[in-house]
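So that the names make sense, note that chain A is the first sequence line, chain B the second, and so on, each numbered from 1.
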There are 2 protein chains.
Amino acid sequence: MHIQSNFRVQEGSDISALFSAMKPTAVTFYPADSAIYAQGDAAGPVYFVEFGTVRICRVTADGRRQIIAFHTAGDVFGFEAGHEHDCSAESVDGAGIRVLRTNCNETPTGSLLKLALASLSRAQCHMLVLGRRTANERMAAFLLDLSERQGDTNLVRLPMQRNDIADHLGVTFETVSRILRSLKDQGVLLLRSIHEIEILDRASLEDMCE
Amino acid sequence: MHIQSNFRVQEGSDISALFSAMKPTAVTFYPADSAIYAQGDAAGPVYFVEFGTVRICRVTADGRRQIIAFHTAGDVFGFEAGHEHDCSAESVDGAGIRVLRTNCNETPTGSLLKLALASLSRAQCHMLVLGRRTANERMAAFLLDLSERQGDTNLVRLPMQRNDIADHLGVTFETVSRILRSLKDQGVLLLRSIHEIEILDRASLEDMCE
DNA sequence: CGACCTGTTGATTCTGCTCAATCAACGTGG
DNA sequence: CCACGTTGATTGAGCAGAATCAACAGGTCG
């Protein structure tokens with residue numbers, strides 16, 4: 001299923017360089033929870049998020065899952081070191097994706113390098129979160145990160161469900177639920193609906209992750 | 001202090017491409033615990049490990065530390081997304097380092113991209129460890145990783161101290177100590193000395209991290 | 001309407017942390 | 001050469017944070 005685009009690629013950005021060098025496909029719609037690629041699939045093309053949210057996952061043999069990252073409109077994902085994907089990518093909430101084929105010689109490696117380094121930087125940041133922060137601090141960091149990506153607004157959308165948040169933060173979904181509750185009780189958050197929260201006391205959240 | 005090189009760069013590798021494009025400096029020796037660069041320093045050149053071990057660290061405001069990665073002979077590190085380092089790099093045990101200056105236009109971005117993607121892949125793998133594995137599993141994964149890097153030998157050197165291992169695995173150094181003890185008691189390991197262990201039962205270690 | 005799925009909340013358990021003591025290795029200075 | 005201080009490692013006791021187990025509520029979809 002192909003649908004029309006609406007995301008504006010910024011002139012002169014690394015992404016626009018990618019777009020001109022690697023003719024992108026039309027937008028393909030992936031319904032919620034559908035796979036974009038699986039662990040073990042052949043790697044090669046990269047993917048551009050037109051709208052919606054994508055999760056990148058790694059799973060242990062006994063089924064424990066770590067969500068490496070969430071990607072939203074404007075993000076590029078899917079580059080791999082080897083010849084196959086060692087993470088899977090799935091649509092979280094219905095996502096529109098363009099595929100950018102790497103035509104071997106004409107790929108703008110400089111632009112890809114910048115994007116890869118940006119991913120690496122985010123990954124390093126998240127390793128500190130996973131390795132050295134408490135559950136409360138993880139949630140605070142996550143909410144601020146979401147808010148920042150959505151334009152530093154205080155009304156934050158949570159397109160993913162509790163389970164996804166938990167698997168991203170390395171806690172259980174019960175813990176996610178409890179922490180949101182506790183932040184509500186402290187007057188830090190207002191839980192508008194399951195997928196929408198309002199930040200009432202941003203300073204408190206920032207204190208929690210310094 | 002400059003000393004002579006002895007590490008053999010493989011012909012035709014991405015690293016040899018880097019070496020020919022970005023004339024490396026002579027080897028500089030960094031004594032144990034000395035800084036190669038600090039968080040906030042201007043980024044730009046990349047670094048090649050000739051010998052010894054380097055740790056890449058991120059620290060929270062209240063002093064908790066996460067060791068993002070250890071690098072050993074043959075590794076390249078130090079590339080950053082932005083204009084300054086957001087991790088610090090320190091010598092663990094006395095390390096010899098070559099600096100490779102990025103001459104803006106002549107940098108082989110394709111080779112750098114491959115190295116960056118390799119780092120990203122390792123980072124993703126470690127996120128699963130930090131987010132979803134128990135302390136025992138983390139230690140098992142760490143020992144197998146070290147063994148693999150040292151040529152799949154059963155006699156593994158631990159160049160770093162317990163504190164460093166702990167901060168890499170997201171546990172306390174007491175926990176590191178206890179787990180090594182417990183693996184010894186189970187007959188999985190032989191603790192030759194503080195910095196040298198022997199793997200007696202590799203299959204058990206592999207079972208622990210699947 | 002009932003089945004199912006997601007989310008919330010409570011009770012209990014347990015892994016790993018904190019605090020603390022001890023020990024071994026090493027370097028320094030009397 | 002030995003007393004002393006320092007630093008890293010080990011071990012123990014008790015505690016706390018988060019997991020597990022379990023019950024239930026609310027919403028959605030057939």
Q) In this structure, which one of A:Leu183, A:Ile165, A:Ile179 forms a side-chain contact (heavy atoms from CB on, under 4.5 Å) with A:Leu143? A) A:Leu183
Q) Between B:Arg133, B:Met139, B:Arg138, which is the residue that forms a side-chain contact (heavy atoms from CB on, under 4.5 Å) with B:Cys209? A) B:Arg133
Q: Write down the distance between CG (A:Leu130) and P (D:dA18), rounded to a whole number of angstrom.
A: 13 Å
Q | Atom pair distance, as rounded to whole Å: NE2 in A:His195 and P in D:dG26 | A | 17 Å
Q: Nearest whole angstrom, please: distance from the C1' of D:dG26 to the CG of A:Leu191.
A: 15 Å
**Q.** Aromatic ring pairing A:Phe51/A:Phe29, orientation class (parallel under 30°, perpendicular over 60°, tilted between)
**A.** parallel
Q: For the pair B:Lys184 and B:Glu198, find out whether any cationic side-chain nitrogen is under 4.0 Å from an anionic carboxylate oxygen.
A: no
Q) So B:His71 and B:Phe77, would you call those rings parallel, tilted or perpendicular, with 30° and 60° as cut-offs? A) parallel
Q: Give me the one residue out of B:Val46, B:Ile36, B:Thr25, B:Val27 that meets side-chain contact (heavy atoms from CB on, under 4.5 Å) with B:Val99.
A: B:Thr25
Dump the pairs, protein N or O against N or O of nucleotides 15-17 of chain D, anything under 3.5 Å, distances to one decimal.
none

**Q.** For atom CZ of B:Arg162 and atom C1' of C:dA25, their distance in whole Å
**A.** 14 Å
Q: Could you check whether the rings of A:Tyr37 and A:His85 sit parallel, tilted or perpendicular, using 30° and 60° as the cut-offs?
A: parallel
Q) Given atom CZ of B:Arg132 and atom P of C:dG16, what is their separation to the nearest angstrom? A) 13 Å
Q.
Please give me every residue in residues 163-183 of chain B whose heavy atoms get under 4.0 Å of an atom in DNA chain C, ordered by residue number.
A. B:Gly170, B:Val171, B:Thr172, B:Glu174, B:Thr175, B:Arg178
Q. Are A:Arg149 and A:Asp75 within salt-bridge range, i.e. N to O under 4.0 Å?
A. yes
Q) D:dA9 C1' sits how many Å from B:Leu158 CG, rounded? A) 13 Å
Q: Round to a whole Å and report the spacing from CG of B:Asp185 to C1' of D:dT10.
A: 12 Å
Q: Mind calculating the distance between CG (B:Asp62) and C1' (C:dT18) to the nearest angstrom?
A: 15 Å
(Q) Quick test of your reading of the model: are A:Arg55 and A:Asp93 salt-bridged, counting only N-O distances below 4.0 Å? (A) no
